[in-house]
Amino acid sequence: QVQLVESGGGLVQAGGSLRLSCAASGRTFYVNAWYRQAPGKEREFVAAISASTDSTLYADSVKGRFTISRDNAKTTVYLQMNSLKPEDTAVYYCAAGRNIATMSIGGFWGQGTQVTVSS
């Protein structure tokens with residue numbers, strides 16, 4: 001049974017930092033990713049990392065501020081968020097699957113963790 005559990009969310013002031021963690025159920029995935037969804041908005045892609053090459057991909061809105069990484073066992077993925085802005089406020093979801101294009105229909109998803117950035 002595959003399970004993804006996010007942690008590390010919370011309340012932080014603008015300009016601050018948070019690190020989100022996503023613990024997987026002891027298996028590796030082709031791609032690990034982070035998405036977020038703000039109230040009244042569609043869920044959007046944030047960042048992804050390849051299990052085989054460690055190559056990364058970021059949304060333009062977070063590029064240069066967020067860093068996605070994975071532990072040596074590739075069972076935990078992290079999202080280091082620096083220089084946080086109020087517009088980063090959202091529920092952040094960990095996802096894992098074969099590729100980004102099919103993540104929404106074929107991937108595994110965590111329950112989400114709330115990130116709130118105050119101005």
Over all heavy atoms of both residues, which pair between [X] and [Y] is shortest? Give the atoms and the distance, please.
X    : Y    : result
S119 : A14  : CA-CB, 4.4 Å
T76  : S21  : CG2-CB, 4.5 Å
Y35  : I100 : OH-CG2, 3.5 Å
G97  : M103 : N-SD, 3.5 Å
Q37  : K41  : NE2-O, 3.1 Å

Donor-acceptor pair, side chain of [X] and main chain of [Y], under 3.5 angstrom:
X   : Y    : value
R70 : S50  : yes
T89 : V117 : yes
E6  : G112 : yes
Y58 : I68  : yes

Taking NZ, NE, NH1 and NH2 as the nitrogens, is one of them in K63 or D60 under 4.0 Å from a carboxylate oxygen of the other?
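Salt bridge flag = yes for D60 with K63.
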
Quick one: do [X] and [Y] end up in the same hydrophobic cluster if we chain Ile, Leu, Val, Met, Phe, Trp and Tyr together by side-chain heavy atoms under 4.5 Å apart?
X   : Y    : value
V31 : W109 : yes
F45 : V77  : no
Y30 : Y78  : no

Spatial distance of atom CG (L18) from atom CG (N82) [nearest 0.5 Å]:
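Rounded to the nearest 0.5 Å, the CG-CG separation comes to 9.5 Å.
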
Can you spot which of M81, R65, Q80 makes a side-chain contact (heavy atoms from CB on, under 4.5 Å) with S17?
Q80

Can you classify the ring geometry of F66 versus Y92 as parallel (below 30°), tilted (30 to 60°) or perpendicular (above 60°)?
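F66 and Y92: tilted rings.
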
Residue pair [X] / [Y], side-chain heavy-atom distance below 4.5 Å:
X   : Y   : answer
W34 : C94 : yes
L4  : Y93 : no
R36 : L79 : no

